[in-house]
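Quick note: numbers below take in every heavy atom, side chains included, and nothing from hydrogens, waters or symmetry partners. FYI, the numbering just counts along the sequence from 1. In this text the structure is predicted, and so the values were computed from the model without any measurement.
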Amino acid sequence: MDDLQLQATSQPDIEESPVQETEESQGEQEFLNSNIAENLSEDKLNEISEICRRGFEADLNSRSDWEQDLKRWVELAQQIREEKSYPWPSASNVKYPLLSTAAMQFAARSYPSLLPSDGKIVKTVVIGKDPTAEKLDTAERVSIYMSYQLMHEMEGWEEEMDKMLMMLPVVGTMFKKTFYDKSKDQVSSYLVLPQNLVVNYWTRTLNDCERVSEIIRMSKRILKERQNQKLFRDIDLGDPALPTTEPQNNGMAADETTPYELVEQHTFLDIKGTGYPLPYIVTFERQTGKVLRIAARFLPDDMEVDEKGKIIKVTPMQMYTKFGFVPNPDGGFYDIGFGVLLGPLNESVNTLINQLVDSGTLNNLQSGFIGKGLKLRMGDQPFEPGEWKGVNVTGDDLRKQIVPLPTKEPSKVLFELMGALVTSGKELASVAEIFTGKMPGQNTPATTTMASVEQGMKVFTAVYKRIYRALGEEFKKIFKLNHLYLDPQKYIAVIDTQIGPEDFDDDEYNICPGADPTAMSQSEKLLKAQGLVELLQMFGPMMNPIEVVSRVLQAQEQPNWQRVLSQEVLATGQVPPPPPDPKVMAMQMKAQMDQQKNQMDMQAKVFDMELKGRDHEMQMQMKAQEHAQDMQMEQEKMQVEAASELQMARIFQATEAAKSQQTLVNNQQAHNQKMTQQKEQAKLSQNSKSKNGKATK
């Protein structure tokens with residue numbers, strides 16, 4: 001266990017468990033930054049150098065064919081013209097920019113999507129429940145600081161991303177190295193070209209690789225700075241020499257600015273012979289093999305031990321991130337790009353173009369044979385336009401003695417074949433006219449155009465997701481390094497909050513890039529944002545209006561969009577309605593006037609109906625009253641008539657009774673008179689009789 005601790009800490013006098021956790025971040029920094037080579041003997045360093053050099057050369061030889069292909073792809077993309085001697089010197093040597101156009105189109109589309117203009121490159125995703133939004137606040141602080149760190153603190157990070165997006169579609173594989181730069185006292189992440197990162201061609205992944213070697217060219221001045229900072233051993237490396245393997249160095253002489261060629265190899269070494277190699281970083285000069293630095297690339301927390309304290313496993317720190325374009329079909333480590341996919345097509349197009357140009361040259365500038373019988377001065381006979389030259393022969397002899405070389409015009413078949421190859425290459429690279437900004441036909445429906453664009457962008461979408469995944473890995477490396485090396489004062493100055501490095505705890509959330517890999521253009525982002533606005537209008541109570549507006553502003557890539565929102569909106573959480581359109585206002589006013597007119601008309605109609613109803617009701621009431629009066633009058637009339645009839649009847653009865661009484665009276669009187677008369681007559685009669693009787697007597 002002491003031997004293992006010696007390997008890890010380069011402190012042979014300290015008897016501590018190799019898995020003892022360091023309480024202070026300063027201790028972890030010293031653990032990673034210490035140069036173990038200072039404590040090793042020269043023989044041990046030579047042994048380590050020989051092991052590393054053999055491994056480096058073996059890995060370099062395993063990818064020799066790939067290096068030749070890489071050189072050809074780069075030359076094709078750069079359209080480098082070499083001298084041609086066939087079919088004649090200075091023949092046509094046109095380079096069609098199919099590969100270059102595909103690379104530029106990819107870079108132009110991917111750059112604004114992966115690096116938003118609002119500067120918020122890093123996003124944070126909270127894992128687990130967060131009822132108090134504490135994790136979300138912490139994640140927002142980390143997002144702000146890491147975006148600032150990438151754009152302002154890491155010099156050249158954005159520029160190198162632009163460079164990578166231009167080179168990646170050509171070569172297929174690029175690398176980023178993320179580490180703590182002791183010389184600058186900050187976290188750095190810079191671009192590593194694929195030819196400078198040597199890995200065995202059949203390696204599966206960087207995490208499973210036994211060796212990763214980076215070729216670093218360093219001038220004498222910078223090397224001396226590293227030695228003064230105690231990062232490298234202060235040894236004499238001699239004068240640097242130009243490597244003969246670089247074609248651009250042929251014919252050049254070494255001078256004071258000629259850099260050393262260093263190799264930084266991330267490997268596993270069993271320094272003390274314990275039987276278990278540990279992960280280290282060995283830096284040595286390539287030509288002399290002298291070791292400059294050996295540093296651990298693991299922390300004590302990265303060790304797994306059993307109950308007896310024996311090391312079971314050590315997880316190394318990975319500094320490199322691979323950015324791939326399209327996975328290699330042969331299973332190799334290095335991915336492929338348009339250099340593989342379009343290279344043969346581009347070379348065929350170049351050949352066809354040059355054949356067509358050469359054919360046109362032969363046909364336009366005729367050549368042939370001149371017979372000896374023609375008495376002309378031999379050599380070139382230049383003609384000017386409109387010039388006629390005299391000869392001492394007849395026309396028939398002149399025609400017979402000059403035999404032109406039979407040639408043909410440029411072949412239409414070759415021209416059509418070239419067009420088919422160019423079209424096929426554009427389809428493969430998704431650089432059709434509709435993707436380069438050219439408008440479709442006038443009668444093409446918008447839905448058809450959008451569907452064509454979406455279908456054509458599928459290839460780019462898959463590549464974007466691979467870059468998105470690699471960016472996430474790079475940001476996680478920066479996240480972990482911030483946990484170890486973050487300056488709390490700088491962090492507080494950036495986010496204006498009294499929070500320290502404990503924010504960078506990967507147990508609470510993960511880091512991912514801020515770009516959307518499925519959003520290929522600004523218009524698509526705006527369409528998604530507009531969809532949120534429409535959903536807000538439809539389901540207002542169910543959605544947060546502030547969050548919707550924030551996402552819309554982010555999709556528009558507005559700088560400092562937080563300042564756009566008013567304090568009233570932030571306080572109330574309600575989005576005020578947008579200012580009305582004058583046309584809409586006019587239409588609304590007209591609609592309101594029409595509505596008011598309709599309401600007035602309706603009110604007038606209702607009032608008129610009420611008046612008619614009241615009039616009808618009054619008429620009915622009057623008729624009822626008249627009828628009642630008529631009935632009453634009729635009743636009174638009937639009563640009067642009845643009373644009159646009764647009176648008349650009474651009068652008639654009285655009259656009749658009077659008449660009867662009078663009749664009775666008259667009759668009585670008459671009777672009485674009659675009786676009286678009878679009595680008188682009887683009396684008279686008696687008197688008469690009595691007189692008569694007396695007389696008789």
Partners meeting side chain to side chain contact (heavy atoms under 4.5 Å, CB included) with [X] (sequence neighbours left out):
| X | answer |
| --- | --- |
| Met154 | Gln149, Leu150, Trp157, Val187, Ser189, Ile478 |
| Asn364 | none |
| Ser219 | Arg221, Ile222 |
| Ser348 | Leu421 |

What's the separation between atom [atom1] in [X] and atom [atom2] in [Y], rounded to the nearest 0.5 Å?
| X | Y | atom1 | atom2 | result |
| --- | --- | --- | --- | --- |
| Arg217 | Glu261 | CZ | CD | 5.0 Å |
| Glu160 | Leu165 | CD | CG | 12.0 Å |
| Asn196 | Ile216 | CG | CD1 | 9.0 Å |
| Met104 | Arg109 | CE | CZ | 12.0 Å |
| Asn93 | Asp358 | CG | CG | 9.5 Å |
| Met164 | Ser110 | CE | OG | 8.0 Å |

- Query: Hey, do the aromatic rings of Phe338 and Phe106 have their centres closer than 6.0 Å?
  - Reply: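 Phe338 vs Phe106: aromatic centres not under 6.0 Å.
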- Item | Tyr320/Phe179 aromatic ring centres below 6.0 Å |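 No, the ring of Tyr320 stays outside the 6.0 Å limit from the ring of Phe179, centre to centre.
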Excluding sequence neighbours, so at least two apart, what forms salt bridge (charged side-chain N to carboxylate O under 4.0 Å, His left out) with [X]?
| X | answer |
| --- | --- |
| Asp239 | Lys220 |
| Glu159 | none |
| Glu67 | Arg63 |
| Lys84 | none |

- Task: Show your reasoning for whether side-chain contact (heavy atoms from CB on, under 4.5 Å) applies to Ile121 and Glu158.
- Result: CA-CA 11 Å; Ile121 302 174; Glu158 183 180 7; over 6 Å; no
- For a side chain to side chain contact (heavy atoms under 4.5 Å, CB included) with Glu264, tell me which candidate from Thr283, Val212, Leu197, Ile215 qualifies.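 The residue from Thr283, Val212, Leu197, Ile215 that satisfies side chain to side chain contact (heavy atoms under 4.5 Å, CB included) with Glu264 turns out to be Thr283.
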So, do [X] and [Y] sit near enough that their side-chain heavy atoms are less than 4.5 Å apart?
| X | Y | value |
| --- | --- | --- |
| Ser424 | Leu345 | yes |
| Gln318 | Leu206 | yes |
| Glu214 | His266 | no |
| Met167 | Val74 | no |
| Glu474 | Phe323 | yes |
| Arg72 | Leu76 | no |
| Ile336 | Pro329 | yes |
| Arg466 | Phe325 | no |

Quick one: does [X]'s side chain have a donor or acceptor within less than 3.5 Å of a partner on [Y]'s backbone?
| X | Y | result |
| --- | --- | --- |
| Thr101 | Pro97 | yes |
| Ser62 | Asp59 | yes |
| Ser92 | Val357 | no |
| Gln78 | Ile80 | no |
| Ser147 | Ile144 | no |

Of all the heavy-atom pairs spanning [X] and [Y], show the shortest one and how long it is.
| X | Y | value |
| --- | --- | --- |
| Phe56 | Arg211 | N-NE, 4.4 Å |
| Gly339 | Pro344 | O-CD, 4.4 Å |
| Pro112 | Ala107 | CD-O, 4.4 Å |
| Val340 | Trp73 | CG2-CZ2, 3.0 Å |

- Message: Taking side-chain hydrogen bond (donor to acceptor under 3.5 Å, both in side chains) as the cut-off, I'd like each qualifying pair that reaches into residues 321-330, sequence neighbours left out, listed once.
- Response: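 Every pair satisfying side-chain hydrogen bond (donor to acceptor under 3.5 Å, both in side chains) with a residue in residues 321-330: Tyr201-Asn328, Tyr201-Asp330, Thr321-Lys477, Lys322-Asp335, Asn328-Asp330.
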List the atom pairs, donor and acceptor, that lie under 3.5 Å between side-chain atoms in residues 403-418 and the rest of the protein, sequence neighbours left out.
residue: Thr407; atom: OG1; partner: Asn363; partner atom: OD1; Å: 3.4
residue: Ser411; atom: OG; partner: Val413; partner atom: N; Å: 3.2
residue: Ser411; atom: OG; partner: Leu414; partner atom: N; Å: 3.4

- Item | salt bridge (Lys or Arg N to Asp or Glu O under 4.0 Å) contacts touching residues 85-107 (sequence neighbours left out) |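 As it turns out, the salt bridge (Lys or Arg N to Asp or Glu O under 4.0 Å) pairs with a partner in residues 85-107, which skip direct neighbours, are Glu82-Lys95.
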- Message: Does anything in residues 189-210 form a salt bridge (Lys or Arg N to Asp or Glu O under 4.0 Å)? List the pairs, not counting sequence neighbours.
- Response: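 As it turns out, the salt bridge (Lys or Arg N to Asp or Glu O under 4.0 Å) pairs with a partner in residues 189-210, which skip direct neighbours, are Arg204-Asp208.
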- Message: Under the criterion side-chain contact (heavy atoms from CB on, under 4.5 Å), I'd like the reasoning laid out for Val199 against Tyr334: C-alpha separation, chi angles, the key distance, then a yes or no.
- Response: CA-CA 9 Å; Val199 180; Tyr334 296 94; 3.9 Å; yes
- Message: For Gln79 and Tyr96: C-alpha separation, side-chain torsions, deciding distance, then whether side-chain hydrogen bond (donor to acceptor under 3.5 Å, both in side chains) applies.
- Response: CA-CA 8 Å; Gln79 303 183 50; Tyr96 188 82; over 6 Å; no
- Does atom CD of Glu57 have more than 12 heavy-atom neighbours from other groups under 6.0 Å away?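 Yes, CD of Glu57 has more than 12 neighbouring heavy atoms, counting only those of other groups under 6.0 Å.
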- Message: Applying side-chain contact (heavy atoms from CB on, under 4.5 Å) to Leu191 and Met174, what does each step give before you reach the verdict?
- Response: CA-CA 8 Å; Leu191 185 66; Met174 298 293 290; 3.7 Å; yes
- Task: Please report the C-alpha distance between Asp162 and Tyr111 in whole Å, then the side-chain angles of each, then the deciding distance to 0.1 Å, and finally whether the side-chain contact (heavy atoms from CB on, under 4.5 Å) criterion is met.
- Result: CA-CA 7 Å; Asp162 188 13; Tyr111 185 79; 3.5 Å; yes
